[in-house]
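What follows is a short report on a single structure.
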Amino acid sequence: MNRLRNYRTDKTTRDKYAEVFISAEDFIYPYFIVPGSHQKQEIASLHKVYRFSVDELLLDLVETVNLGITKILLFGVIDETHKNEKASEAWTENNLISQTIRMIKKQFPNLTVITDVCLCGYTNHGHCGILNGDMIDNDETLPYLAKMALRHALAGADYVAPSAMMDNQVSAIKNILKENHLNTKILSYSAKYSSGFYGPFRDAANSSPSFGDRKTYQMDYRTILQAIEEVQADIDEGTDWIMVKPAHTYLDIIQKIKIKYPNFPLVAYQVSGEYMMIKAASEAGYMNEEIAMHEVITAIKRAGANYIISYYAKEFIRKSL
Ligand code: PBG
């Protein structure tokens, strides 16, 4: 008889056989930034996550850095009244995110700053690109994404992260960075599926489409092969890191991509709805948050992610089992 239970007799023994480990450096922690000062706004749809003005952000970063987190991802959140057809607040010279990067880099020069590059938080219709009639015009959108990325790069971003799912967005950004002699890296949201799990984020970032959905640009969840095509296209266009998003519900895709591109840094995004699913169920008393959170994040790493974007990053580190 095989005595497989000998692997599990006590915690020390179980620890000895563990194959998957997670450290603070594996995490990328997302932040929502608002203009102004003295703002630390609770987000109704995303418990324990806040929108920060830059002064409050700098205070919060002290704790984040002390926990050992080395990478953050920034999203800008602006008022409806400042949004327009061309998303000008996304790419104007002294935009919110560029200002924020400069302030962060003054105080935390070694923190890796990644910025989301997408128009959805800045267009008056909430779509990720420029509209032509009621269609999102791919090629018309590219120069705006490029300009937005350039602004972030000039302000000192380490990585720009295009999430608009426009074809050729990595090339457009790569070219403008090259023309400006910048060696800012690109983390592309390569295989980004159209997902019901983005709901809480859209409330947090005030970025819901005012009509229709994102199915003409984000991927259909019934597809597998397209994930490989999307990743390959981004690699061909010169991306530095690749991403699969969401994560919890796309472990199969993470694993396929890791097997096909074993040497490419792979990021997985545990998105807002995947976070809130655990958070809300735990708050309601239906499961133990600590155990569930560790289990899911370990699963994402076990599937093959090198880095994990998660709203749980801080809690995970604080409550390491
Ligand atoms: C912007 C963007 C979205 C998310 C990250 N970048 C929203 C969307 O595509 O609708 C979602 C992240 C999350 O749900 O946590 N395009």
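Values below: all heavy atoms of this structure, side chains included; hydrogens, waters and symmetry mates excluded. Just follow the structure's listing: the first ligand is 1, and inside any ligand the first atom is 1.
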At a 4.0 Å cut-off, with the gap strictly under it, does some heavy atom of Glu274 reach an atom of ligand 1? no

Nitrogen or oxygen atoms of Tyr311 and ligand 1 under 3.5 Å apart: yes

May I ask you to list the atoms of ligand 1 that are less than 4.0 angstrom from any heavy atom of Arg214? 8 (C), 9 (O), 10 (O)

Going by the 4.0 angstrom heavy-atom rule, the piece of Tyr269 near ligand 1 is side chain

For Tyr198, the atoms of ligand 1 under 4.0 Å from one of its heavy atoms are 8 (C), 9 (O), 10 (O), 11 (C), 14 (O)

Would you please say whether a donor-acceptor pair under 3.5 Å links the side chains of Thr9 and Thr13? yes

Any Lys/Arg nitrogen of Asp10 or Arg14 sitting under 4.0 Å from an Asp/Glu carboxylate oxygen of the other? no

Is the closest basic N to carboxylate O distance between Glu89 and Lys83 below 4.0 Å? no

What's the spacing between Phe52 CZ and Leu58 CG if we round to 0.5 Å? 10.5 Å

Could you tell me whether Lys192 and ligand 1 have an N or O pair separated by under 3.5 Å? yes

Under 4.0 Å between heavy atoms, the region of Cys120 that gets near ligand 1 turns out to be side chain

Looking at Arg202, which atoms of ligand 1 are within less than 4.0 Å of one of its heavy atoms? 8 (C), 10 (O)

Enumerated ligand 1 atoms positioned under 4.0 Å from heavy atoms of Ser163: 1 (C), 2 (C), 6 (N), 16 (N)

Whether the Glu179 and Asn175 side chains hold a donor-acceptor pair (N or O, under 3.5 Å, no angle test) is what I'd like checked. no

Evaluate the criterion ring pair (Phe, Tyr, Trp, His ring centres under 6.0 Å) for residue pair Tyr50 and Phe32; output intermediate values, then yes/no. CA-CA 7 Å; Tyr50 304 87; Phe32 297 99; over 10 Å; no

Ring centroid separation Tyr275 to His248 under 6.0 Å: no

For ligand 1, does Ser272 get within less than 4.0 Å through its side chain, its backbone, both, or neither, judged by non-hydrogen atoms? both

Nearest protein heavy atom with distance in Å, relative to atom 12 (C) of ligand 1: Phe201 CD1, 3.3 Å

How long is the gap from CG on Asn183 to CG on Leu177, to the nearest 0.5 Å? 9.0 Å

Check the angle between the aromatic planes of Phe201 and Phe75 and answer parallel, tilted or perpendicular using the 30° and 60° thresholds. perpendicular

So, does Lys245 sit close enough to ligand 1 that a heavy atom of it is under 4.0 Å from the ligand? yes

Among the heavy atoms of Gln218, does any lie under 4.0 Å from an atom of ligand 1? yes

